[in-house]
Each structure stands twice: as C-alpha cells, then as structure tokens.
Trainee: 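Let me give you the structure first, and then I'll get to my questions.
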There are 2 protein chains.
Amino acid sequence: MPTPERTSLDVIVAAAVRLLEEGGPSAVTMQAVAVTVGVKAPSLYKRVRDREALLSLVGADGADDLTARLEAASGLDDLLRAFRDFGHERPEAFRLLFTTAVDADRLAATSAPVLRATTSAVGEEHALDAARLLTAWATGFVTMELAGAFRLGGDLDEAYAYGRAHLIASLTRGQVEERPAQGS
Amino acid sequence: MPTPERTSLDVIVAAAVRLLEEGGPSAVTMQAVAVTVGVKAPSLYKRVRDREALLSLVGADGADDLTARLEAASGLDDLLRAFRDFGHERPEAFRLLFTTAVDADRLAATSAPVLRATTSAVGEEHALDAARLLTAWATGFVTMELAGAFRLGGDLDEAYAYGRAHLIASLTRGQVEERPAQGS
DNA sequence: ACCTGAACACCGTTCAAGT
DNA sequence: ACCTGAACACCGTTCAAGT
C-alpha cells in the first residue's frame with residue numbers, strides 16, 4: 001500500500017523561500033527544509049534533484065514576484081521604485097537572482113514589463129538599450145546598497161530619486177546621437 | 001624549541017584567491033587552502049579567525065586590485081572600461097565584492113579615483129551623485145552580465161559602450177536641473 | 001509509491017598533545 | 001610558538017529496507 005504524500009514541491013519551495021529570507025542561503029539546509037515541512041531530509045530528493053536545484057526554484061519564485069511587481073507598475077519612474085522596493089523587502093531573493101543560476105525563462109519574463117515601459121517612452125528602436133541602461137543601473141544601485149557599499153554618506157532615497165530623474169530625463173530628451181562603432 | 005613557520009597570512013590569502021577564481025566560493029575550503037600551502041587545516045586558524053574572515057581578506061585583495069586599476073585609468077570612459085575588465089578577468093572576486101562583507105576602508109578606497117574623475121568632469125557639487133550613478137550602472141551591468149541575465153541578444157560590448165557614451169554625455173551636458181524633493 | 005534509518009564522504013572548528 | 005591528530009557537530013546525498 002502506497003505511503004500517502006506528506007508534502008509537495010510547492011510546500012518545499014515555500015519553506016526554502018522563508019528560510020532564505022530569514023537566515024540567508026546558508027540557512028537553507030536540506031535538514032532545515034525537511035524539518036519545516038515535517039519530513040526527513042532524504043525524502044526531499046523525491047521532489048527535488050539536489051540543493052542547487054532547490055535554490056534555483058527559490059530564485060524562480062523571486063523572479064516571479066519581481067515580474068508581478070513590475071507588471072503592476074505604470075511608467076518608468078514607478079517601475080524603478082518597484083524594483084528597489086523588491087530589493088528591500090526580499091534582499092536575499094534579490095541577491096539570489098543575480099548569483100545562482102535561475103531558470104532562463106523565468107528571469108526573461110522580468111524584462112517584458114521593462115521593455116514595454118521603455119518602448120512607450122523612447123520608441124521601439126531604443127527600447128532595448130534603454131531597458132538595459134535602466135535595469136543595470138537599478139540592479140547595481142540596489143546591489144551596492146544591500147552590500148553596504150555606499151559609504152560616503154547622503155540620503156540613499158534621494159540618491160535613487162536623483163538617478164531616476166536623471167536617467168529618465170536623459171533617455172526621453174537627449175538620446176545619444178549615434179551608437180559608438182566599437183566596444184571594449 | 002619553537003616550530004618554524006611553514007606558511008604566512010599572505011601565502012594563505014593568495015592560495016584562497018586562486019582557489020576562488022578557479023572554482024568559485026565553494027572551492028575555497030579550509031582543507032583545500034591548507035593543502036595548497038602545505039599545511040594541515042587546523043594550522044590555518046593560527047593566522048585567520050575562521051573561513052568567513054579568510055573570504056573577507058580575499059575580498060579585500062580584490063578591492064585593492066580594482067582600486068589599482070581604476071587609479072591607473074584616465075578619464076571617465078577609461079575608468080568604466082577598466083571596471084568591466086576587472087569583472088571579466090576576476091569574475092569571482094567581482095561577485096565577492098558585492099556579496100561578502102569586505103573591509104569598509106578597502107572598499108571605500110575604490111571610490112576615490114571615481115570621485116576624482118567625476119569631480120573633474122562635472123564639478124565638485126555633483127561629483128558624488130555622478131560617481132554613484134556611474135558605479136551603480138557599471139556594477140549592475142557587469143553583475144547581470146556575469147549572471148547571464150542579458151538574454152535578449154545584441155552585442156554586450158556595444159551595449160556597454162552605448163551606456164558609457166550616454167551616461168557621460170548626459171552628465172557633462174544636461175545635468176538634471178533640480179534635485180527631487182522626496183525619495184522613495 | 002513514498003518515506004525512513006543507516007551510512008558515507010566531506011565540511012568547519014576545537015583542543016590536547018607533540019616538537 | 002607553531003603544528004598536528006583526533007574528535008565533534010553538521011553538512012549533502014545515496015540506498016536498502018520498511019509500509
């Protein structure tokens with residue numbers, strides 16, 4: 001007679017998500033996840049290939065959350081605020097997104113709302129360049145902020161607002177006239 | 001009679017640096033470091049508090065390397081190229097800088113050449129804002145690039161060149177007129 | 001068909017004992 | 001004064017054995 005299922009993949013991932021945000025990646029042990037969902041560690045391997053795969057699913061969960069927040073935003077300024085808010089509310093998930101290998105499609109979905117916003121702001125031709133400029137800046141700002149790398153004082157909320165205003169203005173008004181011929 | 005010293009802190013850190021760049025953080029085990037320097041693992045604790053402290057020293061080494069490269073650059077464009085070059089040549093060190101707690105002073109030293117370049121480009125008053133805008137963008141760009149987060153095609157060398165040109169132009173010409181009143 | 005106990009290899013770290 | 005063997009607690013993972 002088959003043993004009844006005592007847990008599920010969703011429950012396991014949810015537990016891992018919570019452990020991550022509470023104690024960082026090192027707190028996401030197979031043991032801790034197992035205890036949280038009420039099962040022994042070896043049982044987890046029925047639903048998940050290994051710890052790395054589990055962390056990848058946690059990253060995908062974070063990517064989905066971020067995508068939903070960006071989808072709900074309207075306009076570039078709102079979008080950039082939502083991006084940083086996500087980093088503040090789920091700092092460990094944010095870090096994981098740019099650290100661990102997270103599923104390609106789930107992360108790609110994140111860029112859809114950004115591209116939509118930049119397209120309506122600067123037109124189709126420059127939408128990708130603009131999206132990359134903005135997401136790179138926002139990613140770097142939040143990454144450095146979470147790492148405590150801004151040590152020269154000043155209000156970070158203001159600094160982020162300055163960056164938003166400067167970048168959006170520079171994109172919508174003066175685009176750079178011609179693309180440079182060669183890269184580095 | 002005292003046992004002769006069979007290693008030193010510098011040798012240990014250098015071994016850890018090499019292990020990191022060859023196999024990522026998980027390759028930097030106390031065992032592997034000990035074997036590399038020709039000693040048993042417990043001996044490492046005579047020079048280093050624990051593994052985290054060792055990784056922090058590795059991060060400091062990376063910060064020093066980055067600082068030296070930025071000091072050698074002349075002008076904003078050159079500076080931004082050097083920053084990305086560092087990320088390409090030492091990707092694991094780059095990631096460590098914005099992940100692990102690295103010594104405050106060593107990381108702060110990195111911003112000195114950036115501030116010098118922005119000061120001469122946009123003046124003292126906007127130097128800090130400009131430095132943060134540029135380093136945040138460059139950090140985010142390289143972070144995303146290393147994470148494989150740019151999946152929409154296109155030449156990344158060109159995209160980086162576009163960003164450099166756009167940002168430098170927007171800073172030196174049209175500064176944003178007034179600082180926004182409130183942040184987010 | 002799912003779960004578990006036992007086991008394995010491998011961590012980081014401590015410490016008494018060596019020289 | 002530095003080094004080491006032995007030991008401890010804790011990982012991730014496998015697998016035969018239970019139901």
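Model, not experiment: these values are computed from the prediction. Each chain gets a letter, A, B and so on, in the order its sequence line appears, and its residues count up from 1.
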Trainee: Give the rounded distance in Å between these two atoms: CG of A/Leu9 and P of C/dC2.
Mentor: 13 Å
Trainee: Separation of A/Lys46 atom NZ from D/dG12 atom C1', in whole Å?
Mentor: 17 Å
Trainee: How close or far is atom C1' of D/dA17 from atom NZ of A/Lys40, stated in whole angstroms?
Mentor: 16 Å
Trainee: Quick check on DNA chain D: between B/Pro42 and B/Glu5, whose nearest nucleotide comes earlier from the 5' end?
Mentor: B/Glu5
Trainee: Using modelled atom types and a 3.5 Å cut-off, is there a donor and acceptor pairing between side-chain atoms of B/Thr119 and backbone atoms of B/Leu115?
Mentor: yes
Trainee: I want to verify a distance call: between C/dC2, C/dA6, D/dG12, whose nearest atom is closest to the A/Met30 side chain?
Mentor: D/dG12
Trainee: Hey, what's the ring geometry for A/Tyr160 with A/Trp137, parallel, tilted or perpendicular (30° and 60° as the breaks)?
Mentor: parallel
Trainee: What about A/Thr3, does its side chain sit under 3.5 Å from the base of C/dC2 through a donor-acceptor pair?
Mentor: yes
Trainee: What nucleotide among C/dC3, D/dC3, D/dG12 has an atom nearest to a side-chain atom of A/Gln31?
Mentor: D/dG12
Trainee: May I ask you to evaluate whether A/Arg6 reaches the phosphate of C/dC3, defined as a side-chain N or O under 4.0 Å from OP1 or OP2?
Mentor: no
Trainee: Ignoring hydrogens and geometry, is there a side-chain-to-backbone donor-acceptor pair from A/Arg116 to A/Glu71 under 3.5 Å?
Mentor: no
Trainee: What nucleotide, of C/dC3, D/dC3, D/dC2, holds the atom closest to the side chain of A/Thr7?
Mentor: C/dC3
Trainee: To the nearest angstrom, how far is A/Arg51 atom CZ from C/dC11 atom P?
Mentor: 15 Å
Trainee: By the definition salt bridge (charged side-chain N to carboxylate O under 4.0 Å, His left out), identify the one residue from B/Asp61, B/Asp64, B/Asp85 that meets it with B/Arg90.
Mentor: B/Asp61
Trainee: Nearest whole Å is fine: how far is C/dG12 C1' from B/Leu19 CG?
Mentor: 16 Å
Trainee: Take atom CG of B/Asp50 and atom C1' of C/dT13, then tell me their distance rounded to the nearest Å.
Mentor: 9 Å
Trainee: Taking only N and O in the side chain of A/Arg47, is any of them less than 4.0 Å away from OP1 or OP2 of C/dC3?
Mentor: yes
Trainee: Reading DNA chain C 5' to 3', what string of ( ), [ ], | and . shows its pairs, if Watson-Crick and G-U wobble pairs count only when both distances fall under 3.5 Å?
Mentor: ||.|||||...|||||.||
Trainee: Out of C/dT13, D/dG5, C/dC3, which has the shortest distance to the side chain of A/Val39?
Mentor: C/dC3
Trainee: Rounding to an integer number of Å, can you tell me how far B/Ile12 CD1 sits from D/dC2 P?
Mentor: 12 Å
Trainee: Please report the distance, rounded to the nearest Å, between CG in A/Leu44 and P in C/dC2.
Mentor: 14 Å
Trainee: Could you check A/Leu80, A/Leu134, A/Leu76, A/Asp77 and say which one makes a side chain to side chain contact (heavy atoms under 4.5 Å, CB included) with A/Leu167?
Mentor: A/Leu134
Trainee: Only one of A/Thr118, A/Leu70, A/Ile168, A/Thr135 clears side chain to side chain contact (heavy atoms under 4.5 Å, CB included) with A/Leu79; which?
Mentor: A/Leu70
Trainee: What does A/Thr29 touch in the nucleic acid at a heavy-atom separation under 4.0 angstrom: a base, only the sugar-phosphate, or nothing?
Mentor: sugar-phosphate
Trainee: Between B/Lys46 and B/Glu5, does any side-chain N to carboxylate O distance fall below 4.0 Å?
Mentor: no
